[in-house]
Amino acid sequence: MSSQNTFYITTPIYYVNDVPHIGHAYTTVAADVLARYWRLRGRDVFFLTGLDEHGQKVQQAAAKAGIDPQTHCDKLAPQFQTLWKRLNISNNAFIRTTDQQHKNIVQQYLQKLYDNQLIYKADYTGWYCTFDERFWTEKDVENGLCPDCKRPVEQISEHNYFFKMGQYQDRLIEHIRQQPNFVCPESRRNEVLGFLTTQKLSDLSISRPKSRLSWGIELPFDRDYVTYVWFDALVNYISALDYLPPSPSQDRYWPASVHLVGKDILTTHAVYWSTMLMALNLPLPETIFAHGWWTVDGEKMSKSRGNVVDPNQMADEFGVDAFRYFLFREVPFGQDGDFSQAAMVGSINSDLANGIGNLLSRTLTMIERFAEGTIPEADQPALPTLEEQIVKVARTLPLRIERGFTELAFRDNIQSAWELIGYCDEYIDKAAPWKLAKNPDSHGQLRTVLNTTARALRLLAVLLYPYMPQTAAQLTQQLGFAFDFSKALPENSYEWNAPIAGVKICKGPGLFPRIESKSQGANTVSDIPKPLQPATATPATAATAPQSPAPSAPSSTPQAPPPIQITIDEFVKIQLKTAKVVSAERVPKSEKLLKLQVSIGSEQRQIVAGIGKKYEPEALVGKTIIVVANLKPAKLMGIESQGMVLAAGDSEVRGLATILEEVDPGTKVK
Ligand code: MSP
């Protein structure tokens with residue numbers, strides 16, 4: 001039995017043949033946020049995710065591709081594993097239901113239930129939905145369509161094995177009533193209770209004849225059958241503890257602290273899994289939390305609509321931490337939400353660039369300018385009422401945040417942190433440190449302002465780490481603290497009074513550049529916006545005033561203009577990527593222009609490039625070149641160009657920029 005100090009968190013195991021989308025990323029990042037928080041608080045965390053690899057869909061897709069199902073799964077699995085690395089997911093283990101050890105355990109459990117007469121064979125006629133991999137009864141099906149995904153269902157009559165799920169109905173109702181945190185949020189708990197108290201719970205078909213479906217786990221007591229997808233998939237939560245390091249760890253981690261699931265698979269978890277566990281005499285998980293679904297620009301997300309949100313693309317365009325942050329700031333966890341790029345850009349600009357990013361940059365600039373780069377001791381009060389308010393909020397924040405993490409109220413947590421940011425902004429604006437700096441009598445107050453804002457930022461870094469781990473690392477590094485977020489932090493890290501004076505800051509690049517919306521013509525250097533200025537500051541003294549070079553004095557002798565310097569923030573806006581030339585042809589009536597079709601990973605682009613004097617089109621096919629991938633499309637001689645190639649030379653092209661090593665098209669160049 002797990003101890004109080006462990007925290008075992010799971011995501012659903014995803015169907016291997018889906019392309020990972022925002023829904024998968026949502027659950028997985030949520031689990032990561034919880035895992036990171038509890039690790040920092042010193043709990044012994046085990047975070048499991050993985051893949052559901054059996055079933056009809058995989059079998060059909062593999063057959064279509066002319067390969068065996070295992071090879072098909074092996075080819076697809078990395079798309080999830082790579083995405084999780086990209087999104088900084090800190091899972092401790094990754095399970096695949098085709099792992100031999102998992103299959104053995106499923107068979108052991110099946111045998112145990114069979115030996116205890118909890119599994120029996122019977123005739124069965126039902127309506128099968130291949131998409132959801134489940135049977136429905138006659139009354140569930142409406143007009144021949146699956147009640148869940150609205151796809152056509154198929155009537156199937158066959159002998160099958162059944163798990164005596166129905167006999168656990170009363171016990172399950174009792175458990176849900178007794179344990180208010182077992183099914184969350186409350187609205188979902190009421191739904192499950194409503195269903196269980198008004199309908200008779202039937203037994204669960206757990207098998208398919210091998211003649212119909214061979215890609216599954218054989219029933220140990222009847223080799224002509226394989227187990228039906230849910231009996232295989234749900235067992236992963238325990239089988240992983242048996243064989244994935246630090247295995248064996250069932251005693252250490254079971255029962256799970258939280259199973260995170262989407263609302264569509266709540267019944268399978270709250271009812272199928274719970275009753276399976278009861279039959280196996282195993283304790284039930286502490287919490288099954290069902291989150292809501294994302295729509296996209298107000299519409300259901302689907303392949304046919306072509307609006308599936310690709311987390312890789314979001315990370316490319318907006319950065320991993322901004323994407324992670326947005327998922328939890330936008331809607332309360334548990335409710336449905338709508339995703340739109342406009343909302344995402346809005347939140348990046350308002351909360352990240354203007355909020356935390358600007359607060360850090362103002363504070364560090366002031367410490368550099370007014371305190372020689374070292375956080376000073378607090379001294380005389382500058383604005384006592386606001387200072388008291390900041391301290392009051394900051395002191396209660398760790399407890400509020402802990403409650404938020406216990407209740408999975410991620411959005412409340414974020415709002416609490418931004419409340420502190422709001423007070424700090426107001427404090428700097430009103431205290432006007434740039435004015436205090438001018439008068440030696442006010443230097444005591446100035447030191448208090450600098451100390452207070454640095455203190456708030458240190459605390460914010462610790463509190464925001466689970467959501468934005470890279471940002472928190474940068475924040476603490478720039479503030480001059482060497483925090484090791486990979487381990488539990490000392491208790492006083494959460495305290496307002498943790499010592500900070502005397503720390504040498506190390507100002508670096510801004511955390512979040514503002515993003516101009518596409519319609520405003522982003523991505524050209526001249527469009528890069530200036531950081532916010534404090535409302536009361538004059539341009540000459542504003543702590544955030546950009547350090548633009550002074551205009552050069554008029555001169556009578558013409559001089560070459562000095563090279564324009566750009567900041568790292570400006571540079572990172574330019575997305576350079578490798579691209580493979582798929583085809584190339586001359587643009588009619590032009591000596592110079594070639595029309596290239598290039599592959600940038602998952603995407604193909606058309607680029608018109610002025611390299612026709614130097615290269616014959618055929619010579620370019622198959623070459624890996626470098627392109628600017630986020631250049632606004634433009635028309636050249638009436639032909640759309642969706643990017644730009646990099647080449648050496650001035651008015652005359654001397655050679656295309658390429659890459660020394662073989663790398664995949666679409667790889668970032670920096
Ligand atoms: N293999 C099963 C789970 C077995 S767990 C023992 C499965 N896989 S899945 O690939 O379909 O999982 C999808 C997960 O993504 C579910 O939790 C589902 O709720 C979630 N989402 C799918 N589309 C979604 C949105 N549009 N928005 C949010 N989450 C969504 O089910």
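Counting starts at 1 for both ligands and their atoms, following the listed order. Quick caveat: nothing in here was measured; it's all calculated off a predicted structure.
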Pair Tyr26 and Trp294, ring centroids less than 6.0 Å apart: yes

Cation-aromatic face contact Lys210/Tyr225, 6.0 Å, 45 degrees: no

Taking the ring centre of each residue, are Phe7 and Phe46 less than 6.0 Å apart? no

What are the polar N/O contacts of ligand 1 with the protein below 3.5 Å, with distances?
from	atom 1	to	atom 2	distance (Å)
ligand 1	1 (N)	Ile13	O	2.8
ligand 1	1 (N)	Asp52	OD2	2.7
ligand 1	10 (O)	Tyr15	N	3.0
ligand 1	10 (O)	His24	NE2	3.4
ligand 1	17 (O)	Gly262	N	3.1
ligand 1	19 (O)	Asp264	OD1	2.4
ligand 1	19 (O)	Trp293	NE1	3.1
ligand 1	26 (N)	Trp294	O	3.1
ligand 1	27 (N)	Trp294	N	2.8

Just grab all the salt bridge (Lys or Arg N to Asp or Glu O under 4.0 Å) pairs involving residues 80-97, residues at least two apart or on different chains. Glu53-Arg96, Asp74-Arg96, Arg86-Asp316

Take a 6.0 Å sphere around CD of Glu186 and say whether it holds more than 12 heavy atoms from other residues, nucleotides or ligands. no

Check whether NZ of the Lys or CZ of the Arg Lys121 lies under 6.0 Å from the centre of the six-membered ring of Phe162 and within 45 degrees of that ring's axis. no

